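What you see is a predicted model; the values in this text were computed from it and never measured. Order of the sequence lines sets the chain letters (A, B, ...), proteins ahead of strands, with each chain counted from 1. These numbers come from the heavy atoms of this one structure, side chains and all, not from hydrogens, waters or symmetry mates.
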4 protein chains.
Amino acid sequence: MAVGTRGGSGSTARSAPLSPATPADRADGPAADAETVPRRLLSAATRLFAEKGFDRTSVQEIVDAAGVTKGAMYHYFASKDDLLAEVYERILRMQMTRLEEIAASEGPVADRLGRAAADVVVSTIANLDDATIFFRSMHQLSAAKQREVRADRRRYHELFRSLITEGQREGVFAARVPADLVVDFYFGSVHHLSTWYRADGALTPDEIGAHYARLLLDALRPAPAHP
Amino acid sequence: MAVGTRGGSGSTARSAPLSPATPADRADGPAADAETVPRRLLSAATRLFAEKGFDRTSVQEIVDAAGVTKGAMYHYFASKDDLLAEVYERILRMQMTRLEEIAASEGPVADRLGRAAADVVVSTIANLDDATIFFRSMHQLSAAKQREVRADRRRYHELFRSLITEGQREGVFAARVPADLVVDFYFGSVHHLSTWYRADGALTPDEIGAHYARLLLDALRPAPAHP
Amino acid sequence: MAVGTRGGSGSTARSAPLSPATPADRADGPAADAETVPRRLLSAATRLFAEKGFDRTSVQEIVDAAGVTKGAMYHYFASKDDLLAEVYERILRMQMTRLEEIAASEGPVADRLGRAAADVVVSTIANLDDATIFFRSMHQLSAAKQREVRADRRRYHELFRSLITEGQREGVFAARVPADLVVDFYFGSVHHLSTWYRADGALTPDEIGAHYARLLLDALRPAPAHP
Amino acid sequence: MAVGTRGGSGSTARSAPLSPATPADRADGPAADAETVPRRLLSAATRLFAEKGFDRTSVQEIVDAAGVTKGAMYHYFASKDDLLAEVYERILRMQMTRLEEIAASEGPVADRLGRAAADVVVSTIANLDDATIFFRSMHQLSAAKQREVRADRRRYHELFRSLITEGQREGVFAARVPADLVVDFYFGSVHHLSTWYRADGALTPDEIGAHYARLLLDALRPAPAHP
DNA sequence: TATGAATGAGCGTTCATTCAT
DNA sequence: TATGAATGAACGCTCATTCAT
């Protein structure tokens, strides 16, 4: 990731090490200042991409927000696109880790699915900028990167789906609707959170997570179908 | 709407009449050619905005695709933004009309909600470009236009929600989850269709609509809660 | 030539018409001002490319020298490269025309070759900027354009060579050295003029042309070889 | 030469010693690896400058090709310009040495001129990259360096010319054309080799050298002028 | 000797929009 | 109604060079 794609240059714009051995940890600055340049760029970019969209955010704005110069940015990232690609990397890695933990945990499958469903809501709300970027800016990635992201996404969906099929095999979930359609159905709802959730809304993230999980589990209830 | 926001004269770039009394209906051309200039621009813009995104589509590309010149475009539309605003107008008008018809029709509320839920899926798939633009390009509208679109959207959601609350009052739908949360939940799924639906997929639009409606109705089933 | 290579744009950066039907011929300005924008750009570019080299000449400098804006330049030329390509076009066209006239004229072949040889010197000196650009900036053209230029160049050389082979067949020129090597030999000398000729030198262009032609004809003299 | 032109200290970026007492000759590597850093830089630069032109070659590419870092380059060379100046140094030194040897050798002047003329062709072909750079990149040198190179070049030309005037004085060469014009004429042909010579061509470098020398000597033949 | 992060000025190019015709 | 030349500001990106280590 973030590997330079430029011609012969072997020393610039390579993968950005987020925690280099720079003298950033010296005791002479607050934590914020001590953050590495790539990290500062990534978080500035995340905020701005979510706020104004990828195309409307200029490299100049990003580097100004991060307090560095353009040259520094291009030292760490091959391009503006690369910055977006790194944001995606981070999002996908984080979500996959959480889901894997829950899926691998103990307990009845309905419990695990419920927890996964609620958790993805809570963590999406906790990283609303990421979610905004994720579902709005995918088409601005390079075709190659899009394929990669979609492949990662598919692995994520498949793990989630495996919880549903497991429950369907056990008979605790209905099989009225194909499991993969249920997955798309649910993640649509989750991605959509970024368009309506407001921190000052009536419900807490946990409450919304609980409601969403409830809706999913209820929709999968094996009881007699609606009249 | 589509009214120019520019300082000066009010004589150009007014709201674009889609069926003006232009010499477009003369008997000298087939129907396709006879389409009015604003319409051709609007459909070219819709296709291109969906394909490449608003910011990545240049005015030159739009007018080339529509077979007109820039001057002509600026004669009918105040700006590129105005073109996007018009696309939104059209989408919203279309969806609202359909929902209003179904909501006002006869029959039990579960029937009407089920039909509305399935119909919005089918019509979203039938206009996937519109849906793509809708959920991806809202932030490129002017702030004023965004407020307007959101207000329209809210009216739409409220009509949909009224079907749910009607059922909850009647007791045919559970009230475990607040009705407006259910609406956001469902329309997230619907908007998401544009990111995964493929015409060559295993399910027809009608089947997907039926499944989605089923999931919604099942989630609202008043039966004993999930253990 | 100078045809825009950009995506969908059908109306910008097309072949630059050097004498458009613009109101440039109105009697309200001196001849210099009345020159068309593309022509002004082309002559500014020629001068600057010869003076500082292609890569060291910025688009800004060109448009400043031509008294127009960048946007105007990109309206007429697809790129800075296209500007260079147009300069080449002009050079090649001019030289080919002159040679064709001389080659097709009456008289003994030695006369015609002598006239052609002298004329190419005189016209190269008359357009030293062109010559400087020609032999120094070819590698900055696109690969496709380079092929095109080389093909034109080859046609030019072949016409010149045909005069030599005609004389060799008639026996008025020696055939000690292959005709195409003679052509490369001679045009090397001619291109080199741009690196040493100074207007304040001891010899006039005509004198230099006469001397060069003399050297060529003497080198081709069929007399007994040098001892 | 290669002296830093920067304001500050004179301690870094001095003239690059090509065979320094660096630990390069240690027995731990083959000859290729043992080449000194400045030499590796110079040969990488020569190749790249000839291939892509001076302005299109970045310092990064040079140091990558030489397998060193930027800091190392700036340790040995004051600037990128200095690297080019050094390349010129090397070329001029080499050619001057060869010509001096031939000019100082025994034998009739026609022999010596013929050998010099053929040798400069062969050695130019043997170092085509040098020749390409020489006639294409002179204007990228600093004004001071250009003067210096031109002075060296003039000395070279004057030595070559002295062979011609010697022959003219002896009567073995015609004096129809001024000797210095003959020199410019001939070296134009020689420099031009880099634009058309191909290793897979029909003639060997020796054959081309012989032909070129022949053309020069024939052009100087004192026999009766062409009718 | 050597590193490589960082600078900062400048580059070629794009593009929504205007306006005389 | 419609044209298309022209504007001008902004864009993503490059790169020779510096300097603390």
(message) Using side-chain heavy atoms (C-beta onward) and a distance below 4.5 Å, is D:Val68 in contact with D:Val63?
(response)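 Counting from C-beta outward, D:Val68 and D:Val63 do come under 4.5 Å.
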(request) Answer yes or no: is there a side-chain heavy-atom contact under 4.5 Å between B:Val59 and B:Leu83? (result)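 No, their side chains stay 4.5 Å or more apart.
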Whole angstroms only, please: what is the [atom1]-[atom2] distance between [X] and [N]?
X        : N      : atom1 : atom2 : value
C:Asp64  : F:dT7  : CG    : C1'   : 14 Å
A:His75  : E:dG8  : NE2   : P     : 16 Å
B:Leu48  : E:dA16 : CG    : C1'   : 16 Å
B:Gln140 : E:dA16 : CD    : C1'   : 15 Å
A:Tyr76  : E:dT7  : OH    : C1'   : 13 Å
C:Phe77  : E:dT13 : CZ    : P     : 13 Å

(message) Run through DNA chain E and report every stem of 3 or more consecutive Watson-Crick or G-U pairs, distances under 3.5 Å, ordered by first number.
(response)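 The stems are E:2-21 with F:2-21.
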(message) Exactly one of C:Thr57, C:Asp64, C:Ile62 should register a side-chain contact (heavy atoms from CB on, under 4.5 Å) with C:Gln60. Which one does?
(response)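 The option that passes is C:Asp64.
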(message) Donor-acceptor check, side chain of D:Arg40 to backbone of D:Glu35, threshold 3.5 angstrom: yes or no?
(response)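 Indeed, once roles are kept as given, a pair shorter than 3.5 Å links the two residues.
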(message) If we ignore hydrogens and angles and just use 3.5 Å, is the side chain of C:Tyr76 paired with the main-chain N or O of C:Arg39 as donor and acceptor?
(response)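 No, C:Tyr76 side chain to C:Arg39 backbone: no donor-acceptor pair under 3.5 Å.
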For nucleotides 8-12 of chain F, tabulate all protein N/O to nucleotide N/O atom pairs closer than 3.5 Å, reporting atom names and distance.
from   : atom 1 : to      : atom 2 : distance (Å)
F:dG12 : OP1    : A:Thr57 : O      : 3.3
F:dG12 : OP1    : A:Lys80 : NZ     : 2.8
F:dG12 : OP2    : A:Val59 : N      : 2.9

(request) Report the residue (C:Met73 or B:Met73) whose heavy-atom-nearest nucleotide on DNA chain E is the more 5′ of the two. (result)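 In this pair, the answer is C:Met73.
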(message) Less than 4.0 angstrom from a charged side-chain N to a carboxylate O is my criterion; do A:Lys145 and A:Glu89 meet it?
(response)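 Judged by the 4.0 Å cut-off on N to carboxylate O distance, A:Lys145 and A:Glu89 do form a salt bridge.
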(message) Applying a 4.0 Å non-hydrogen cut-off, can you work out what C:Val37 is touching in the nucleic acid: base, sugar-phosphate, or nothing?
(response)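 Result for C:Val37 = sugar-phosphate.
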(message) Let's go through A:Phe54 and A:Arg136 carefully: what are the C-alpha distance in whole Å and the side-chain angles of both, what is the deciding distance for side chain to side chain contact (heavy atoms under 4.5 Å, CB included) to 0.1 Å, and is it a yes or a no?
(response) CA-CA 9 Å; A:Phe54 178 80; A:Arg136 187 195 273 163; over 6 Å; no
(message) Working to the nearest 0.5 angstrom, can you tell me the gap between C:Thr46 OG1 and C:Glu86 CD?
(response)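 The OG1 atom of C:Thr46 sits 10.5 Å away from the CD atom of C:Glu86.
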(request) Give every residue pair that meets the salt bridge (Lys or Arg N to Asp or Glu O under 4.0 Å) criterion with at least one member in residues 49-58 of chain A, sequence neighbours excluded. (result)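 As it turns out, the salt bridge (Lys or Arg N to Asp or Glu O under 4.0 Å) pairs with a partner in residues 49-58 of chain A, which skip direct neighbours, are A:Lys52-A:Glu61, A:Asp55-B:Arg56, A:Arg56-B:Asp55.
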